[in-house]
Amino acid sequence: MILSALNRYYQRIAGNGDDAPPPFGFADAKVVGEVRIDAAGNFLGILDLRNADKKGKPAPRILSVPLPPHRTAGIAAGFLCDNAGYLCGCDDKGKPDRAAEQFAAAAKLHRELLHDVDDPAARAVLAYFETWNVADAAERLSGYGELLSGWLVFCIVDAAGGSCMAQDVPALRAAWENSLRADASAEVGQCLVTGESATPIARLHGSIKGVYGAQSSGASLVSFNISAATSYGKEQSFNAPVGEAAAFGYVTALNHLLRRDGTQWRRIGDTTLVFWAERDTPAEALFGDLFDPPEAPRNASADEIAAAQRIGDALDRLAAGQMPDDPAFANRDVRFYLLGLSPNAARLSVRLWIVGSLGSFIEHAREHHRDLMLVPEFSGQSPHPPLWRFVGDLRPKDKEGKIRGKNSDEGLKKLGGDLLRAALTGGPYPESLLSLLLDRFRSDRWITHPRVALLKATVNRRIRLNHLPMEELSMSLDANRTEVGYRLGRLFATLERIQRAAFGKDVNAGIRDKFMPSASATPMTVFPYLLRLSQNHLKKIRREKAGLAVNLERLAETIIGEIHDFPSVLTPQDQALFFLGYYQQKQDFFVAHSGESVNETPAA
Amino acid sequence: MSTGIQVKVWGDFALFTRPEFKAERASYEVMTPSAARGIVESIHRKPAIRWIVDRIRVLNPIRFDTVRRNEVSGKAPYSTARSAAGGRGNLPYLVADEDRQQRAALVLRDVAYVIEAHFEMTAAAGFGDNPGKHAEIVRRRLEKGQCAYQPSLGVREFTAFFAPAQSADLAQIPDSLRGEIDLGWMLHDIDFADGTKPHFFHAVLRDGVLDVPRFQGRRAAS
């Protein structure tokens with residue numbers, strides 16, 4: 001299903017527009033330079049083809065070249081496009097014997113394919129391979145440095161000064177395509193992607209580049225590189241017969257989706273997610289933003305700001321419980337395919353595979369954003385942060401709020417993937433998320449917006465999926481909620497506020513630092529003392545600001561009014577409500593007492 | 001005497017491995033006919049009969065989950081094991097510490113199926129074999145919950161529990177599976193008589209029912 005969907009996508013986009021993936025037998029390679037030869041095959045030099053990219057570093061040029069062979073440790077030459085080791089017999093790795101072997105292999109390949117091609121370019125390339133002397137290659141190429149290890153192509157310069165690249169010459173392309181047909185694997189069988197019988201079966205599939213965390217030379221989606229993965233004595237990809245055309249199709253489609261500047265992939269945690277639709281639709285480019293909104297960069301161009309605004313509007317509507325009215329999302333039954341890939345050394349594992357209509361995904365996005373919607377912590381904070389912000393905030397922090405420790409990402413990588421799965425399918429969050437959040441709050445006592453939003457989402461989703469008799473949590477302070485955990489959180493925020501009003505910002509270790517963990521877990525041991533303490537604080541406030549003291553005391557009394565006793569222990573669910581109540585009450589103070597605080601009123 | 005049976009099979013986990021994803025396993029959405037045949041054969045198998053799977057009903061919504069497990073990357077060599085069994089040489093062994101590989105798997109959760117299958121007599125049927133006899137044996141074993149070895153849902157570590165199917169099971173269709181769902185090309189079975197060649201068929205779920213076409217190979221069971 002996965003491979004056939006990718007193959008169908010390839011057939012849909014092949015040959016359509018400038019962004020199209022290469023046809024069968026060709027690939028888009030990152031070429032750094034061209035080997036210039038004249039019509040007689042004499043070496044003229046290597047020209048650097050790189051352009052400066054946005055940051056000013058030289059970036060290779062993407063050109064359509066004959067598909068290079070999939071090689072790991074063996075010697076296999078590429079046709080018309082390869083590194084200097086193969087094309088010139090000289091590499092910068094200091095192994096001249098191996099380079100000589102590589103050159104010999106390249107010469108052999110070109111001779112086989114071009115010996116009967118009647119074209120000046122072909123003759124020039126062959127003459128080059130005949131006359132080039134590997135022995136003094138090292139000296140002649142000493143000035144080229146890093147160009148020697150990147151992809152190079154041939155460029156034939158004619159007498160008049162015009163030049164053409166060898167792989168663009170039609171006669172040479174035709175020679176390559178013919179060789180592919182002749183080279184087709186001897187083994188035939190039924191292709192499990194298309195179902196056609198008697199198709200040549202690919203022995204090795206191409207490699208997928210662009211998955212985060214995988215080998216940079218590319219990882220394989222379909223691979224049998226350990227004997228434990230083979231069956232019935234079959235070798236390599238004969239364990240799963242896929243036709244050559246279908247294998248090329250799915251590999252090219254996946255590489256195309258994962259290209260650097262593509263819009264149809266996202267990375268969350270250890271999962272790289274690609275998505276595509278079954279037919280052309282404007283929603284395809286915006287789909288990723290539904291679940292993982294982009295963060296507008298500092299110096300955004302007018303286009304970027306407009307795009308961010310557009311998706312922001314759609315998300316605002318979703319968070320409010322409505323469907324977006326953007327015409328791009330109008331056609332709701334288009335089928336979307338989502339594939340999540342995770343790296344494991346040289347292999348890729350399928351983490352997520354979800355097929356659904358656009359309407360069902362919009363519905364899940366709506367639930368996701370409504371669950372996460374929470375009154376912001378600072379003004380100017382984006383109402384829809386990207387998903388990595390939520391996961392990133394789960395790392396332990398030190399006293400200043402900086403992330404502590406370098407390797408705190410490891411355990412969270414899987415959690416990121418699970419969160420993504422929950423967002424995309426509307427399913428439950430991982431069970432460990434609630435206890436992880438409570439642990440973080442207790443250990444570093446940073447009650448931040450991303451953490452509390454996740455907490456709210458966890459509780460709401462649990463209520464919804466398990467049909468619990470509790471009302472879902474709202475975005476901002478709900479003064480009528482009677483659950484004891486919520487009220488205790490509000491009370492704690494009020495008591496902290498009283499302390500701060502009494503001592504100003506000079507409090508070194510306030511009640512939050514000293515008492516929050518125990519207040520949330522075992523209220524009965526702590527709150528009576530805190531209430532007595534607050535009386536002392538109130539006395540101090542009354543001396544200067546009598547009105548404030550009255551208001552705060554009244555608020556505390558209202559909150560306590562609904563609490564009959566302090567429970568000795570709070571369940572994890574109640575603890576979640578505690579922290580949510582604390583956060584929402586704290587944010588409410590900023591709104592109400594804007595004269596006291598430095599921050600402006602945040603949008604509710 | 002009817003040669004067909006209807007077996008309800010269920011379990012907490014299932015992993016019907018796609019052939020293309022053998023290293024990092026990913027499951028098909030529903031049970032393969034090959035796995036269904038394996039389950040039925042664990043209940044009763046004789047050279048005299050050959051099981052043919054007709055239909056697979058899916059009773060629970062399709063739910064995926066991922067697990068990561070530490071496994072070994074090699075296999076004990078078959079020839080060494082064979083000769084050791086014949087008395088020559090020692091049995092091969094694997095040291096797990098030297099060979100570790102962590103492999104991820106995309107598995108199914110909380111599965112329940114009804115397998116409808118029937119058997120045919122083969123050329124190996126002897127003098128005393130007749131359909132009625134085997135039908136009775138199967139029916140009795142199914143009622144008692146007898147099996148030659150515990151059936152599994154794709155891989156041995158995910159055990160299958162089985163019982164005769166009730167009429168209530170046959171009517172159960174989860175909401176998410178109503179209508180027609182195209183599952184693409186799915187492994188039908190392996191032709192052991194033809195160099196273990198796999199055969200694929202186009203699988204479509206209609207209201208939770210997967211109709212399995214007749215296997216085209218020369219011999220389905222080894």
Side-chain angles (χ1 to χ4, degrees), chain A residues 1-5 7-8 189-197 205 219-234 237-242 246-247 250 270-271 335 340-356 360 414 417-418 421 425 427 430, chain B residues 17-30 61-69 71-79 94 96 99-109 176 181-188 190-192 194-203 216-217 222:
Chain A
M1 187 60 176
I2 299 174
L3 300 187
S4 59
N7 193 33
R8 274 201 305 275
Q190 187 184 22
C191 169
L192 63 78
V193 173
T194 57
E196 286 164 29
S197 14
H205 299 189
S220 291
L221 183 58
V222 177
S223 83
F224 303 92
N225 58 355
I226 49 176
S227 62
T230 59
S231 301
Y232 300 121
K234 295 184 196 263
S237 302
F238 296 127
N239 276 286
V242 180
Y250 90 78
D270 65 347
T271 310
R335 182 115 50 109
L341 296 170
S342 240
N344 187 2
R347 298 193 297 264
L348 296 176
S349 69
V350 176
R351 196 74 200 290
L352 281 176
W353 170 242
I354 308 172
V355 181
S360 70
K414 183 170 190 292
D418 289 337
R421 180 206 297 278
T425 56
Chain B
T17 321
R18 288 177 171 273
E20 64 267 28
F21 296 122
K22 275 203 174 105
E24 307 286 326
R25 294 183 192 271
S27 175
Y28 279 113
E29 287 87 351
V30 298
I62 297 172
R63 259 182 65 195
F64 282 105
D65 203 355
T66 47
V67 290
R68 285 190 99 104
R69 299 178 288 186
E71 305 179 12
V72 287
S73 63
K75 290 199 286 203
Y78 172 70
S79 48
L94 280 176
D99 230 358
R100 267 194 211 296
Q101 271 279 325
Q102 191 178 77
R103 284 159 77 175
L106 185 67
V107 304
L108 291 169
R109 296 294 318 256
S176 56
I181 302 178
D182 187 332
L183 298 175
W185 289 86
M186 184 187 231
L187 179 72
H188 190 325
I190 303 213
D191 193 352
F192 293 102
D194 187 15
T196 61
K197 196 162 90 152
H199 286 236
F200 300 91
F201 75 105
H202 189 198
Q216 298 301 316
S222 61

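Bear in mind the structure is a predicted one, so any value in this text is a computation, not a measurement. Naming convention: chains lettered A, B, ... in sequence-line order (proteins, then strands); numbering from 1 in each chain.
B:Asp182 touches chain A through its backbone: at least one of N, CA, C or O sits under 4.5 Å from a heavy atom, while the side chain does not. For chain A, the nearby part of B:Arg68 is the side chain; its heavy atoms alone come within less than 4.5 Å. With a 4.5 angstrom heavy-atom cutoff, A:Val193 touches chain B only via backbone atoms. In this structure, chain B has heavy atoms under 4.5 Å from both the backbone and the side chain of A:Thr230. The contact between B:Arg18 and chain A is made entirely by side chain atoms (from C-beta outward), counting heavy-atom distances below 4.5 Å. Proximity to chain A (any heavy atom under 4.5 Å) is shown, for B:Glu71, by neither the backbone nor the side chain.
Between chain A and the residues B:Gly184, B:Ser73, B:Pro198, the largest count of heavy-atom pairs under 4.5 Å involves B:Ser73. For the set B:Val72, B:Thr196, B:Leu187, the entry with the most heavy-atom pairs within less than 4.5 Å of chain A is B:Thr196. For chain B, the option among A:Ser4, A:Gly195, A:Ser349 with the highest count of heavy-atom pairs below 4.5 Å is A:Gly195. Looking only at heavy-atom pairs under 4.5 Å with chain B, the residue among A:Leu221, A:Val242, A:Leu348 that has the most is A:Leu221.
In this structure, A:Ser342 OG and B:Leu106 CG are separated by 11.0 Å, a value rounded to the nearest 0.5 Å. Here the CG-CG distance, from B:Asp65 to A:Asp418, works out to 7.5 Å after rounding to the nearest 0.5 Å. From B:Phe64, atom CZ reaches atom CZ of A:Arg351 across 14.0 Å, with rounding to the nearest 0.5 Å.
For the residue pair A:Ser223/B:Lys22, the side-chain donor-acceptor check at 3.5 Å is not satisfied. For the 3.5 Å distance criterion, the side chains of B:Gln102 and A:Asn344 fail to qualify, holding no donor opposite an acceptor.
No side-chain heavy atom of B:Lys197 sits under 4.5 Å from any side-chain heavy atom of A:Gln190. Taking 4.5 Å as the limit, some side-chain heavy atom of B:Glu20 sits within range of a side-chain heavy atom of A:Leu192. No side-chain heavy atom of B:Glu24 sits under 4.5 Å from any side-chain heavy atom of A:Val350. Side chains of A:Pro241 and B:Phe200 form a contact here, defined as non-hydrogen atoms less than 4.5 Å apart. No side-chain heavy atom of A:Ile226 sits less than 4.5 Å from a side-chain heavy atom of B:Lys75.
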Side chain to side chain contact (heavy atoms under 4.5 Å, CB included) evaluation trace for A:Ile2 with B:Phe21:
CA-CA 10 Å; A:Ile2 299 174; B:Phe21 296 122; 3.8 Å; yes
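Closest approach of A:Arg347 to B:Ala23, counting heavy atoms only: CD-CB, 3.4 Å. Between B:Arg103 and A:Ala228, the shortest heavy-atom contact is NH1-CB, 3.8 Å.
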